[in-house]
Structure formats: structure tokens, C-alpha cells
Amino acid sequence: SMHDSIFTQDYAGATNVLIRSSSALGDSLMLTAVTEELRTQFPHLHISVSGNDLVREVFRFNTSVDSVLTANSPAEFAVEERADIVIEYNHIIDRIQEYYNGAHFMDILGAIAGIRLHSKSLHYTLSATDTHNAATLIHEQYPVRPPMLIGIHCHTEKDLKRSYPYTVALVTALQALYPNAGIIHFGNYTYSDMPKGVLDCADRRTSLRTQIATAKECTAFISIDSAFFHIAHNLFGKPTLLLQSVTNEQLIGNLENTIVRVMRSGRTNCTPCYWSCKQHCLSQIHPVEIAAEFNTFLAELHDTGTTPETPLHSQVLV
């Protein structure tokens, strides 16, 4: 697909553009590539983005956007009234055939807007307050900063098949493997039995912007296909072990220029199924296997000098 006929929006002749973001956090993060492309190609445009609370937090301070609005608010209706172009992302993406293994997700976002992306990099602006809050959060948990901070995100309410069900056991395995490291659990899903010593952003009800700023301080990440996968590998270029299940890693994120290793279940001839599969793939991977793969991944990067700053303090897994 991606035929020239779909790239026909007259942005050169437009003045005001309204982008209605979907409610998904990962989608809104990837939309920052679209707004940046519009700003680069058509600097004369007044670009507005509307969405829920999370969307508005993503686009706060974003230099490619002129205004950020609450979805279905009087302010949004007023902007829509005078907009030359309205780009709708709600209830449309999963109706497009290319969404199912046919095209890169970010190219689809661009095509909906009628624009080709020259870059799949995310564009997000941290404020001084965000950076300060992240530093405070880390210091409260670790007064003496550990030599390595491991970020982990393993649960999404959007699709439980993407979630890893043994997160607590994985954290325990990581603590045994890296006794000198700090572990930061991201997201908003809480575990009642999370091991001690973990900086648990969910349990602390840490705001999204502080969590994103905290992610920047991590050495490496373990993540499912979620917003924090995009934050880790695309926004901040962190070595990231992706626990992949029903989606296709070739069609998400920005894998061309970042350090990502994909880990799936041991099944062979598995084509990413986009929610049609009846098996919970990630439940077939033992936590110790993930920790060992993560250790091998970082060791290889360290040996090649890709991440010379990454200190490895590992023990043999038993």
C-alpha cells in the first residue's frame, strides 16, 4: 500500500491543523514523529493536538505543537471549527488492513495524516521539573546510586497477551544476577509481592512525566510491547530486551538505529498473530531464561564496546 494517492493533503495551502490522538499512550508517543514531520516540512502551520490526560502530558512542552487540547472539550470544538485539516486517529487504526503485519505502524500513522515520515524518532521534551523529580525519586530509593539501573515494564491493560505474567519472579531473578544494581518498575500496575529494594513507580503513583524522565536514567530495559518499550529504545536509545508475543517487532518502534534484542517463546514457525492466537506466548518463558538472556545481551554489548559505560556485576544463575 502507501500509494501516492493517499498523500494528498494540502498542507502547503492550510493554516490550522487539528490532530485527534487515540487514547493509547504508545500511539501518542509515536504521533510525535508525525507532528515533528509536519513542523519540519510545513513550518507555517498552527498544529493542535487533542486527547486524554496522558496524551496531553506527552505533548506538553513539545516544540512541534502549538496547542494541546482536551478531547471533546469546547476548546477542541472551537479549534475544529476553524481548522483547515482535521486528522482523526480514534477508532480507525485497527480497521486498516496494513495494521496486521502489512506496514510499519509509524508509517501507517503518517499515511493517515497524508504525510511520509523521513524519521521514526520520537520527539519529547523533558522539563527541568521532570528531571528534578526523577533525580529525587531515584535518590529516595537509592541514596547511594547503584552502578546500574535496570528498567522493567511487563504489564499492559490494553492486551493481556502482551503482558508477562511472572514479573515478580523475573525481578527476583534479576536481583540474584545483579546484586549491586537498582531495579525500577515502570507503569501503573501494582504487585502486592514486589521484592524489597525495587523502585516501584506504580506503587508510588509516580506521574507519567516523572516516569519518562526516570527512564532516561536507566542503563538498560526489559519491556513488553508497550509505551515503555518505545520510551526506552526509541526516545532514549537504551539497550532493550523486548519480550515479544502477538505483535511484530519489525512493524513497531524504531529498530533500525537502536539497540534491541527480541525474545520470544521457544515455538517455531511463529508468525506474529495480532491477537488472533489463542496461546499466551509469554507465559511459556521462564523468568530465569529472561534474566540470562538479558545478561548475555548486555555482556555482548559491553564486549563490543557498544555500551562501555555499562558495568556488569553478574553472578551465575542457578
Classify the angle between the aromatic ring planes of H230 and H233 as parallel (below 30°), tilted (30 to 60°) or perpendicular (above 60°). tilted
With clusters defined by side-chain heavy atoms of hydrophobic residues (ILVMFWY) lying less than 4.5 Å apart, directly or transitively, does L69 cluster with L208? no
Listing request: all side-chain hydrogen bond (donor to acceptor under 3.5 Å, both in side chains) pairs with a residue in residues 137-149, at least two apart in sequence or in separate chains. E140-R204, Q141-R204, R145-E217
Closest approach of T219 and P239, non-hydrogen atoms and distance? O-CD, 3.4 Å
What pair of heavy atoms forms the shortest contact from A220 to L298, and how long is it? CB-CD2, 3.8 Å
Got a second to check how far Y124's OH is from T63's OG1, nearest 0.5 Å? 13.0 Å
Are V68 and V86 joined in one hydrophobic group, where the rule is that I, L, V, M, F, W and Y side chains link up if heavy atoms are under 4.5 Å apart? no
Cut-off 3.5 Å, side chains only: do S127 and D130 have a donor facing an acceptor? yes
So, for A173 and P287, which heavy atoms are closest and what is the spacing to 0.1 Å? CB-O, 4.3 Å
Are any side-chain N or O atoms of Y89 and backbone N or O atoms of L109, one a donor and one an acceptor, separated by less than 3.5 Å? yes
Under a 3.5 Å distance rule, please check whether E293 uses its side chain to pair with a backbone N or O of T296 as donor and acceptor. no
Are the aromatic rings of F236 and F221 close, with centres under 6.0 Å apart? no
With distance as the sole test, does Y11 use its side chain to make a donor-acceptor pair with the main-chain N or O of V17 at under 3.5 Å? no
Could you walk me through whether D200 and T190 satisfy the side-chain contact (heavy atoms from CB on, under 4.5 Å) test, starting with their C-alpha distance in whole Å, then the side-chain angles of each, then the deciding distance to 0.1 Å, before giving a yes or no? CA-CA 8 Å; D200 192 342; T190 57; 5.6 Å; no
Output yes when a side-chain donor or acceptor of R116 lies under 3.5 Å from a complementary backbone atom of G110, and no otherwise. no
Minimum heavy-atom distance I212-I231, with the two atoms named: CG1-CD1, 3.7 Å
Do the ring planes of Y99 and F105 sit parallel (below 30°), tilted (30 to 60°) or perpendicular (above 60°)? tilted
Taking K120 for its side chain and M106 for its backbone only, find out whether a donor-acceptor pair lies under 3.5 Å. no
At what distance, to the nearest 0.5 angstrom, does CG of N90 lie from OG of S50? 7.5 Å
Would a distance-only check, ignoring hydrogens and angles, find a side-chain to backbone donor-acceptor pair under 3.5 Å from R162 to H155? no
Taking E36 first and then R39, would you say they form a salt bridge - that is, a charged N and a carboxylate O separated by under 4.0 Å? no
Calculate, to the nearest 0.5 Å, the distance between atoms CZ and NZ belonging to F229 and K238 respectively. 15.0 Å
Got a second to check how far R209's CZ is from T125's OG1, nearest 0.5 Å? 7.5 Å
What's the spacing between T247 OG1 and L242 CG if we round to 0.5 Å? 7.0 Å
Is the backbone N or O of V55 less than 3.5 Å from a side-chain atom of S28, with the two atoms forming a donor-acceptor pair by type? no
Could you tell me whether a side-chain N or O of D84 sits under 3.5 Å from a main-chain N or O of N16, the two making a donor and an acceptor? yes
Using only atom types and a distance under 3.5 Å, with no angle test, would you say the side chain of E37 pairs donor to acceptor with the backbone of H118? yes
E76 (side chain) donor-acceptor with N72 (main chain) under 3.5 angstrom: yes
